Amino acid sequence: MNWSKKITAILFMGMTIVVNAQMAESSELYMTLKEKDSTLFDAAFNQCDVETMESLFTEDFEFYHDKGGITVGRNNFLAPNRENCAKIDRNEPQRAKRILVPGSLQVYPLYKQGKLYGAVQHGVHSFEFLNEQKEYQKGDVAKFIHVWILEDGHWKIKRELSYDHQLQ
């Protein structure tokens with residue numbers, strides 16, 4: 001390979017790395033998806049707000065969990081949440097809390113022909129659960145990946161992976 005081809009190859013690889021680099025925490029995309037992540041888990045764990053959760057998933061949503069298996073379809077995923085939320089006493093503390101591990105969240109944009117169509121978001125979160133004395137105790141810590149898609153101008157999760165669950 002001659003020098004010009006080597007230089008071109010190196011420049012191309014460098015541009016690929018820059019184009020696909022993690023978004024800065026101050027970027028609009030990072031901030032938007034961090035807020036969406038917060039909204040999702042607030043709706044799921046604090047508010048038990050299934051309608052908000054529904055607005056954050058595509059209809060063909062798929063959830064992959066290293067302990068619970070695969071769930072295909074937004075309605076199938078949300079059905080147990082609807083059931084559980086109907087049973088809870090809203091005056092009592094939620095049975096579980098989700099905590100995003102500070103500094104763990106990363107966002108990578110997805111482009112097609114130069115146009116932003118989605119993003120990959122991953123991070124680490126931990127969970128706490130109420131014991132019999134109604135005190136929170138540490139549960140699992142796990143990694144997660146969300147594949148966000150821009151659908152009609154709204155960010156929605158198309159795929160979610162929750163994996164590497166470990167006791168804290």
Side-chain angles (χ1 to χ4, degrees), residues 8-68 70-72 74 77-78 81 85 93-130 136-168:
T8 302
I10 291 169
L11 287 173
F12 179 74
M13 287 189 305
M15 287 186 334
T16 302
I17 290 167
V18 169
V19 169
N20 293 320
Q22 175 191 338
M23 298 300 296
E25 292 182 15
S26 60
S27 72
E28 182 179 349
L29 178 60
Y30 182 95
M31 297 299 286
T32 297
L33 294 184
K34 182 177 181 184
E35 182 178 325
K36 293 285 185 188
D37 173 83
S38 178
T39 299
L40 169 63
F41 286 100
D42 182 58
F45 286 93
N46 300 330
Q47 306 302 320
C48 216
D49 181 354
V50 181
E51 286 71 35
T52 294
M53 291 172 60
E54 184 174 23
S55 74
L56 294 170
F57 297 115
T58 62
E59 198 170 312
D60 64 344
F61 171 73
E62 292 179 0
F63 180 62
Y64 299 86
H65 195 280
D66 64 347
K67 293 187 176 186
I70 183 173
T71 305
V72 177
R74 177 178 62 200
F77 179 74
L78 292 176
N81 291 290
C85 288
Q94 285 288 350
R95 294 184 311 197
K97 286 197 292 188
R98 182 260 191 173
I99 300 122
L100 178 63
V101 173
S104 71
L105 195 65
Q106 297 180 338
V107 174
Y108 299 85
L110 299 172
Y111 296 97
K112 182 175 183 177
Q113 298 175 339
K115 183 177 178 187
L116 181 68
Y117 73 89
V120 175
Q121 176 187 57
H122 70 84
V124 179
H125 49 199
S126 63
F127 299 90
E128 294 183 358
F129 300 92
L130 282 178
Y136 284 104
Q137 59 186 24
K138 292 185 183 292
D140 288 350
V141 63
K143 297 174 183 161
F144 67 93
I145 298 173
H146 294 152
V147 178
W148 291 90
I149 299 295
L150 263 174
E151 190 175 87
D152 298 323
H154 300 282
W155 285 102
K156 296 186 176 197
I157 301 173
K158 187 171 186 73
R159 303 290 181 263
E160 181 175 346
L161 290 83
S162 185
Y163 62 100
D164 195 29
H165 285 77
Q166 308 285 326
L167 285 176
Q168 296 186 63

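Please read all numbers here as calculations on a predicted model, not as lab measurements.
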Stacked cation flag R74 on F57, 6.0 angstrom / 45 deg
no
Quick check for you: to the nearest 0.5 Å, what is the distance between [X] atom [atom1] and [Y] atom [atom2]?
X    : Y    : atom1 : atom2 : value
H146 : R159 : NE2   : CZ    : 13.0 Å
Q121 : Q106 : CD    : CD    : 10.5 Å
Y117 : E151 : OH    : CD    : 14.0 Å
I70  : L161 : CD1   : CG    : 9.0 Å

Going by the angle between their ring planes, with limits at 30° and 60°, are F127 and H165 parallel, tilted or perpendicular?
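The rings of F127 and H165 lie parallel, inter-plane angle below 30°.
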Got [X] and [Y] here, is their nearest side-chain heavy-atom distance under 4.5 Å?
X    : Y   : answer
W148 : L29 : no
H154 : S55 : no
R98  : D37 : yes

Of the non-hydrogen atoms in [X] and [Y], which two are nearest, and what is the gap between them?
X    : Y    : value
A43  : M53  : CB-CG, 3.7 Å
D140 : F129 : N-CE1, 4.4 Å
A119 : L110 : N-CD1, 3.7 Å

Does the pair Y163 and I145 meet the rule for a side chain to side chain contact (heavy atoms under 4.5 Å, CB included), with working shown?
CA-CA 9 Å; Y163 62 100; I145 298 173; 3.7 Å; yes
From CA spacing to verdict: side chain to side chain contact (heavy atoms under 4.5 Å, CB included), K156, L56
CA-CA 5 Å; K156 296 186 176 197; L56 294 170; 5.9 Å; no
If you apply the rule side chain to side chain contact (heavy atoms under 4.5 Å, CB included), what do you find for Y136 with L130, and how did you get there?
CA-CA 4 Å; Y136 284 104; L130 282 178; 3.7 Å; yes
Is there a side chain to side chain contact (heavy atoms under 4.5 Å, CB included) between F63 and I157? Walk through the geometry before answering.
CA-CA 10 Å; F63 180 62; I157 301 173; over 6 Å; no
For H122, enumerate each residue passing the ring-ring contact (aromatic ring centres under 6.0 Å, His included) test, keeping only those at least two apart in sequence or located in another chain.
Y108
